[in-house]
Amino acid sequence: MPDRSFLDWPFFEPRHRDLAAAAEDWAARTVPGLADHHDVDGSCRRLVAALGEAGFLAYAAPEDGCFDLRALCLLRETFARHDGLADFAFAMQGLGTGALTLFGTPEQRAAVLPGVRAGRSLAAFALTEPEAGSDVAQIALAAVPDGEDGVRLDGEKTWISNGGIADHYVVFARSGEAPGARGLSAFLVPATAPGLTVAERLETIAPHPLARLRFAACRIPARNRIGAAGAGFKVAMATLDVFRATVGAAALGFARRALDAALARAQGRQLFGAPLAALPLAQTSLAEMATAIDTAALHVYRAAWTRDAGAPRITREAAMAKMVATEAAQEVIDRAVQLHGGEGVRSGSVPETLYREIRALRIYEGATEVQKLVIARQLLG
């Protein structure tokens, strides 16, 4: 049984501890039979349906519009520790609808969120472009008026999670109200919208559904705009403000599994006539892994508690949480590979799988270097 002593920290309420126990029990029983890394599309559909049936997606797309960030982080940490695809399936339902939860009209929310909560429809967040990743102000996908009640989208998005299998996308486009970041708007775009095509499916070292999307005279109703005209940057940043800390939580899940595997290996592996765990260098490595995990967890759950306590923005706290947790998890997993020796690089082993899973978390939703800029700008005002 994994160490869950951190749940006794004062960040959590009894309902969070109950949720963590329920998620752990469900994941242990359910995830192994649904996650197949050779069938990522099918796995994500199965996992989303099961998460909806179990009620966990109510936290990703809350009916009352109020996120419980501590719950989101606990769920991502738990699911990631069991399987990266389980975490991905859960997280994208939240990230892909976060803009609707925070800024959508009652009609928009009613049309989309019930299906997402039930696990009947898949969501996606389409922000990145070939020349606009961390620098959102460089978004070039154009949104221009088309008739009295329409908008036409032209351009591309890339590295879109759930691309190709999502039922709808939250798309950020240049609507032209002002230069740079002040001239962006967010739109709800059904996957069936004419002119929207999947230009390319993208493969990465850790299998996930990813795609490059093409918009060619893609017409949608003007009522599909999410938030005010020109407020797309605000919508995107507010969404990331919520979900950035949860990336750190997913990294925690990976790191905790790596530590569990390293402990088992160190205690069971005989080396020079004694368990590997008897060697001082192995003990030092395990101690540093455990300390890095606790340090990261403090950052993640500090950020989550701060938002749940009523802070209007947690830009600095979320950036610190993501940076510290993802970098720490990379180090912890690397140490686990080293302690496993040759077994650590065997394809399909737990350390090798985690080594591939963690790498992308240091990049998506803002690379580590970008988080440092965010933190510095917060300090400088």
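For the single chain, residues carry numbers from 1 onward in sequence order.
Few gaps surround CD1 on Ile205; more than 12 heavy atoms of other groups in view lie less than 6.0 Å from it. Residue Glu203 places its CD atom among 12 or fewer non-hydrogen atoms of other residues, nucleotides or ligands, all under 6.0 Å distant. Other residues, nucleotides and ligands contribute only 12 or fewer heavy atoms inside 6.0 Å of the CD atom of Gln338. Under a cut-off of 6.0 angstrom, the local environment of CZ in Phe103 is crowded, with over 12 non-hydrogen atoms contributed by other residues, nucleotides or ligands. Within 6.0 Å of CH2 on Trp26 lie more than 12 heavy atoms contributed by other residues, nucleotides or ligands. By the neighbour-count criterion of 12 heavy atoms within 6.0 Å, atom CZ of Arg109 is densely surrounded, having more than that number from other residues, nucleotides or ligands. Sparse packing is recorded around CZ of Arg316, with 12 or fewer heavy atoms of other residues, nucleotides or ligands lying under 6.0 Å away.
Although no hydrogens or angles enter the test, the distance criterion places a donor-acceptor pair under 3.5 Å between the side chain of His16 and the main chain of Glu13. Side-chain N or O atoms of Thr291 include none that pairs as donor or acceptor with a backbone N or O of Glu288 at under 3.5 Å. Looking at Ser185, its side chain does come within 3.5 Å of a backbone N or O of Gly230 through a donor-acceptor pair. Under the 3.5 Å distance criterion, the side-chain polar atoms of Arg117 are matched with a main-chain donor or acceptor of Ala61. No donor-acceptor distance shorter than 3.5 angstrom exists from the side chain of Asp83 to the backbone of Ala35, with no hydrogens or angles considered. Between the Arg17 side chain and the Leu7 main chain, a donor and an acceptor come within less than 3.5 Å of each other. Between the side chain of Thr204 and the main chain of Ala206, a donor-acceptor pair closer than 3.5 Å is present. No donor-acceptor pair under 3.5 Å is formed between the side chain of Asn162 and the backbone N or O of Pro209.
In terms of the side chain to side chain donor-acceptor pair (under 3.5 Å) criterion, residue partners of Glu177 (sequence neighbours excluded) are, by chain and number, Ser175.
For the residue pair His82 and Asp87, no side-chain donor N or O sits within less than 3.5 Å of a side-chain acceptor on the partner. Side-chain contact annotation: Arg46 with Ser43, donor-acceptor N/O pair under 3.5 Å present. No side-chain donor-acceptor contact under 3.5 Å links Thr326 and Arg362.
Using a 4.5 Å heavy-atom cutoff, the side chains of Glu156 and Glu200 are not in contact.
Residues Glu317 and Arg307 are not paired through a salt bridge, judged by the lack of any N-O separation under 4.0 Å between the basic side chain and the carboxylate. Ion pairing of Asp149 with Arg219 is present here, as a side-chain N (NZ or NE/NH1/NH2) and a carboxylate O approach within less than 4.0 Å. A salt bridge does not link Arg45 with Asp39: every distance from a Lys NZ or Arg NE/NH1/NH2 to an Asp or Glu carboxylate oxygen is 4.0 Å or more. A salt bridge does not link Arg244 with Glu365: none of the charged nitrogens is closer than 4.0 Å to a carboxylate oxygen. Salt-bridge check for Arg29 with Asp25: passed, with a basic side-chain N closer than 4.0 Å to an acidic carboxylate O.
None of Ile293, Leu74, Val247, Asp294 except one satisfies the side-chain contact (heavy atoms from CB on, under 4.5 Å) rule with Leu252; the exception is Ile293.
When all heavy atoms of Ala126 and Ile160 are compared, the closest pair comes out as CA-CD1, 3.6 Å.
Interatomic distance, Arg76 CZ to Phe56 CZ, rounded to the nearest 0.5 Å: 15.5 Å.
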- Message: Go through it in stages, so that I can follow the logic: the residues are Tyr59 and Phe67, the test is ring-ring contact (aromatic ring centres under 6.0 Å, His included), and I'd like the CA-CA distance, side-chain angles, deciding distance and then a yes or no.
- Response: CA-CA 7 Å; Tyr59 293 92; Phe67 287 108; over 10 Å; no
- Task: Might you work through the salt bridge (Lys or Arg N to Asp or Glu O under 4.0 Å) test for Arg120 and Asp167, ending with a clear yes or no?
- Result: CA-CA 9 Å; Arg120 294 191 303 268; Asp167 294 288; over 6 Å; no
- Under the salt bridge (Lys or Arg N to Asp or Glu O under 4.0 Å) rule, what do Arg346 and Glu352 come out as? Steps first, then yes or no, please. CA-CA 6 Å; Arg346 181 178 60 82; Glu352 185 270 345; over 6 Å; no
- Candidate pair Tyr169 and Phe125, rule ring-ring contact (aromatic ring centres under 6.0 Å, His included), full reasoning: CA-CA 6 Å; Tyr169 300 87; Phe125 181 80; over 10 Å; no
- Item | Worked verdict on Arg81 versus Glu77 for salt bridge (Lys or Arg N to Asp or Glu O under 4.0 Å) | CA-CA 6 Å; Arg81 191 165 47 75; Glu77 179 182 331; 5.5 Å; no
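The six-membered or imidazole ring of Phe233 lies away from that of Phe172, with a centre-to-centre distance of 6.0 Å or more.
In this pair, Phe6 and Phe12 present their aromatic rings perpendicular. The plane angle is above 60°, beyond the 30 to 60° band.
In this structure, Val370 belongs to a hydrophobic cluster whose other members, linked by side-chain heavy atoms under 4.5 Å apart, are Val374.
Pairs of residues two or more places apart, or lying in two chains, that qualify as side-chain hydrogen bond (donor to acceptor under 3.5 Å, both in side chains) and include a residue from residues 367-381 are Glu327-Thr368.
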